[in-house]
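The next block holds one structure in the form of structure tokens; read it before the comments.
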Amino acid sequence: MELAVIILFVLSIAVLSALWGRFEKRRAANPKPAAGASSGADGSAGARPARPARPRPAPAATGTSPQAARDAAALLSADQHRQIYAALGQGQPVKALKLYAMFTGAGIRASGAAITNMAAHPQPYVRPIPDPGSAAKPDANRDDAKPDAAKPAAGAESEAVREEEISKWAQQLRPEDFLKP
């Protein structure tokens, strides 16, 4: 008989615990107070009312768009495209930013915007279609093909400055900045 009383007591505690858990779960899901639950003169029980949920910004508010991602990806060759998306896929947006700036010669902000767009709206590589007018004049820019003796020294110096500038800017970036909201 004593064993039956102990078992019934334990079972009653388990049932009450389960019921209380369900009650708390429902109360947490619906934080509005019941109509007759207020006890103050002005109808408040002393607790602050729950704040309304903030609306999340739409994806367009982040400044990214599929067209901007297409435009950014169009500036890259197949190998460059692969390297940048490999860096993004490995969770290295700073490396992708540096690569994009190096490949395209774009500035830091433009590169950051391009990488943000490319991360938010992944683009497949599309081979550029040659312009029929440019194929007729292949030797139109022969002056650009001649190496200049002063260009490598100036290019090396500006590349070092650019790398330092990118590094300073990129240190403030976080991988979360490149994820979709």
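Along the sequence shown, residues carry numbers from 1.
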Any side-chain heavy atom of I13 within less than 4.5 Å of one from F9?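 I13 vs F9: side chains touch.
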Just so I know, are the side chains of E24 and L19 near enough to count as touching, which here means a heavy-atom distance under 4.5 Å?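 No, side chains not in contact.
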How close do [X] and [Y] get, heavy atom to heavy atom, and via which atoms?
{"X": "T64", "Y": "H121", "answer": "OG1-NE2, 3.2 Å"}
{"X": "A96", "Y": "I115", "answer": "O-CD1, 3.6 Å"}
{"X": "M118", "Y": "L76", "answer": "CE-CD1, 3.7 Å"}

Out of curiosity, [X] [atom1] to [Y] [atom2], how far, rounded to the nearest 0.5 Å?
{"X": "Q83", "Y": "L88", "atom1": "CD", "atom2": "CG", "value": "12.0 Å"}
{"X": "I6", "Y": "L11", "atom1": "CD1", "atom2": "CG", "value": "12.0 Å"}
{"X": "K25", "Y": "W20", "atom1": "NZ", "atom2": "CH2", "value": "15.0 Å"}

Looking at Q80 and S77, would you say the former's side chain and the latter's main chain have a donor-acceptor pair under 3.5 Å?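 The answer is yes, because a donor-acceptor pair under 3.5 Å joins these two groups.
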For residues 83-111, pull every pair meeting ring pair (Phe, Tyr, Trp, His ring centres under 6.0 Å), keeping only residues two or more places apart or in separate chains.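 Residue pairs with at least one partner in residues 83-111: H81-Y85.
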Identified side chain to side chain contact (heavy atoms under 4.5 Å, CB included) partner of I7 from the options V5, V10, L3: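 Only one option passes, and that is L3.
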Any link between V94 and I108 through a network of hydrophobic side chains (Ile, Leu, Val, Met, Phe, Trp, Tyr) touching at under 4.5 Å?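 Linked within one cluster.
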Mind checking whether L75 and M102 sit in one hydrophobic cluster, side chains of I, L, V, M, F, W, Y counted as touching below 4.5 Å?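 They do share one cluster, since a chain of ILVMFWY contacts under 4.5 Å joins L75 to M102.
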For Q67, give me all partners under side chain to side chain contact (heavy atoms under 4.5 Å, CB included), at least two apart in sequence or on another chain.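 S65, R70, D71.
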